[in-house]
Protein chains: 2
Amino acid sequence: MYGYEYPHPAVTVDCAVFGLDDGDLKILLIQRDLEPFAGSWALPGGFVKMDESLDEAARRELEEETGVKKIYVEQFGAFGDPGRDPRERVVTVAYYAIVNLFEHEVKADTDARNAAWFPVDEPPRLAFDHARILEAALARLQDKVRREPVGFEFLPRKFSLTQLQRLYETILCAPLDKRNFRKKILATGVLEETEDFEVDVAHRAARLYRFDQKAYARLRKAGFVFDI
Amino acid sequence: MYGYEYPHPAVTVDCAVFGLDDGDLKILLIQRDLEPFAGSWALPGGFVKMDESLDEAARRELEEETGVKKIYVEQFGAFGDPGRDPRERVVTVAYYAIVNLFEHEVKADTDARNAAWFPVDEPPRLAFDHARILEAALARLQDKVRREPVGFEFLPRKFSLTQLQRLYETILCAPLDKRNFRKKILATGVLEETEDFEVDVAHRAARLYRFDQKAYARLRKAGFVFDI
DNA sequence: CCAAAAGTGTTAGAGATACACCCATGG
DNA sequence: CCATGGGTGTATCTCTAACACTTTTGG
């Protein structure tokens with residue numbers, strides 16, 4: 001069944017890196033300097049090495065191309081239509097990642113390549129089938145954010161409830177009721193109140209909260225399902 | 001960035017084929033006749049050809065190895081740890097499939113290979129990392145079945161509400177209340193009552209229903225989300 | 001004192017859950 | 001007439017949704 005006589009496509013990973021910038025959901029793109037699609041924007045990614053896992057490849061490429069480490073990364077599928085790369089058969093394994101723009105700085109330029117953040121809802125024309133991959137990544141993110149507490153990955157370790165609400169509203173493209181949101185999110189028990197408050201704001205400072213991983217792990221074991 | 005100098009692993013598809021057999025959720029496995037893992041059971045699958053998409057490869061392999069066509073198939077991820085195949089680097093794209101055992105006959109033997117159905121909760125020892133893939137497939141199926149009307153794929157075109165309830169109970173490993181289940185599933189509006197009844201049963205014959213695809217498509221457009 | 005956002009409770013309605021008996025059919 | 005599963009309704013409770021004003025702070 002298996003053997004060296006079988007076809008061997010190239011295998012890449014591509015990452016849809018999301019970040020939240022002042023109430024806008026952004027996607028990180030790099031501008032290609034080589035053909036095909038030279039000059040076009042594309043999702044960061046690259047070839048999987050023979051001795052690394054797919055997850056490792058995704059993290060490595062992300063770090064090489066954007067300088068971010070230790071961020072949330074999750075695989076969401078493989079794309080491999082023949083012809084998606086005009087040169088040869090390339091199967092790509094797609095990941096989405098969440099970057100906290102408050103604490104990580106993302107390199108704007110790497111390897112003589114231009115990198116930039118674009119609003120997810122109006123990205124430039126993308127190379128290969130990356131538009132389709134981005135669409136799938138966004139759908140997956142929206143699904144995930146409602147069913148698991150990954151939204152916190154976008155925010156600084158301490159954040160206000162309003163920041164959190166804005167985040168959900170932005171990602172889900174839907175307004176949420178302030179009182180209901182606060183009740184519901186606090187009722188989950190995964191937020192820990194801190195003694196800190198916003199600083200440098202021209203109005204009453206909001207209390208800051210922190211995601212309580214231990215509490216969440218405990219609740220999960222007890223069958224709790226996060227759901228916003 | 002891309003080029004022929006880059007590594008080219010082998011790429012396969014593997015399918016976790018689920019079927020419902022008299023209240024038991026079963027998984028279709030084939031017994032390998034070649035090394036490595038000769039004699040072990042494995043998920044059906046094989047190499048992706050250079051000119052076919054991943055989905056096409058999955059359907060082709062499924063048909064070649066089990067004789068089933070036109071069944072529900074969905075990709076759920078890629079597995080590519082180095083060493084998962086002892087001979088060379090092989091990245092596999094994993095699919096799960098749902099087979100209706102009432103209307104499809106599944107070949108028990110193909111290509112001199114033995115095929116058989118096993119209960120998902122006590123499969124034999126599997127080749128490669130297929131145990132892990134099966135686990136992921138099952139988790140995905142359980143998720144899917146609750147949020148989209150794919151359960152019907154397991155059943156004949158016309159089925160009783162009790163059959164449907166058993167299906168959910170089996171897949172979700174949880175008992176459901178009969179009256180509440182019937183209320184809820186009928187309230188979705190995706191079931192169409194037929195004029196037919198069960199036959200050859202030693203008790204009152206149950207009315208048969210059919211999944212109404214058109215109604216579901218209409219409801220979906222209107223924002224309805226299936227949820228059991 | 002003004003602007004801006006923080007913070008806070010209640011009510012009505014919808015949906016979920018829990019629960020038990022009679023009916024139809026075939027053997 | 002018995003065994004088997006089919007079919008049905010109601011009461012309670014929980015969760016969701018809708019909704020507006022007062023407080024705090026900085027400028």
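None of the values given here were measured: they were computed from a predicted structure. The sequence lines fix the lettering, A, B, ..., with proteins before strands; numbering per chain opens at 1. The analysis underlying the following values was restricted to heavy atoms, covering all of them including side chains, and did not include hydrogens, waters or symmetry mates.
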Closest approach to the side chain of B:Arg179, judged atom by atom: which nucleotide of D:dG7, D:dA18, C:dC19 is it? C:dC19
Should A:Leu161 and A:Leu186 be marked as a side chain to side chain contact (heavy atoms under 4.5 Å, CB included) after you check the CA-CA gap, both sets of side-chain angles, and the distance that decides it? CA-CA 9 Å; A:Leu161 295 182; A:Leu186 289 175; 4.2 Å; yes
Heavy atoms from C-beta onward define the side chain here; which of C:dT10, D:dT8, C:dG7 lies closest to that of A:Arg204? C:dG7
Residue whose closest nucleotide on DNA chain C lies nearer the 5' end, A:Asp177 versus A:His203: A:His203
Taken to the nearest whole Å, CG/A:Leu208 to C1'/C:dG7 is 14 Å
note: B:Asn180, atom CG; D:dA11, atom P; distance rounded to Å ~ 15 Å
Report which part of the nucleic acid B:Arg182 touches: base, sugar-phosphate, or nothing (heavy-atom distance under 4.0 Å, all strands). base
Is the CZ atom of B:Arg220 crowded by more than 12 outside heavy atoms at less than 6.0 Å? no
When the distance from CG of A:Asp200 to P of C:dA4 is rounded to whole Å, what number comes out? 18 Å
Atom CD in B:Glu195, atom NZ in B:Lys158: separation rounded to 0.5 Å? 9.0 Å
Send over the distance from A:Leu176 CG to D:dA18 P, rounded to a whole Å. 11 Å
Grab the CZ-C1' distance between A:Arg207 and C:dT8 for me, whole Å please. 14 Å
Just how far, in rounded Å, is P of C:dA4 from CZ of A:Arg166? 13 Å
Report yes if at least one side-chain N or O of B:Lys184 is closer than 4.0 Å to OP1 or OP2 of C:dA16; otherwise report no. yes
Write down the distance between CZ (A:Phe181) and P (D:dC15), rounded to a whole number of angstrom. 18 Å
Of B:Lys183 and B:Leu161, the one whose nearest nucleotide on DNA chain D sits closer to the 5' end is B:Leu161
Neighbour count >12 (heavy atoms, 6.0 Å) for atom CD, A:Gln213: no
Would you check if the distance from the ring center of B:Phe152 to the ring center of B:Phe159 is below 6.0 Å? yes
Return whichever of A:Val201 or A:Lys178 has its heavy-atom-nearest nucleotide of DNA chain D closer to the 5' end. A:Lys178
Reckon A:Thr162 has a side-chain N or O less than 4.0 Å from the OP1 or OP2 of C:dA6? yes
Find the distance B:Arg146:CZ to C:dA16:P and express it as a whole number of Å. 14 Å
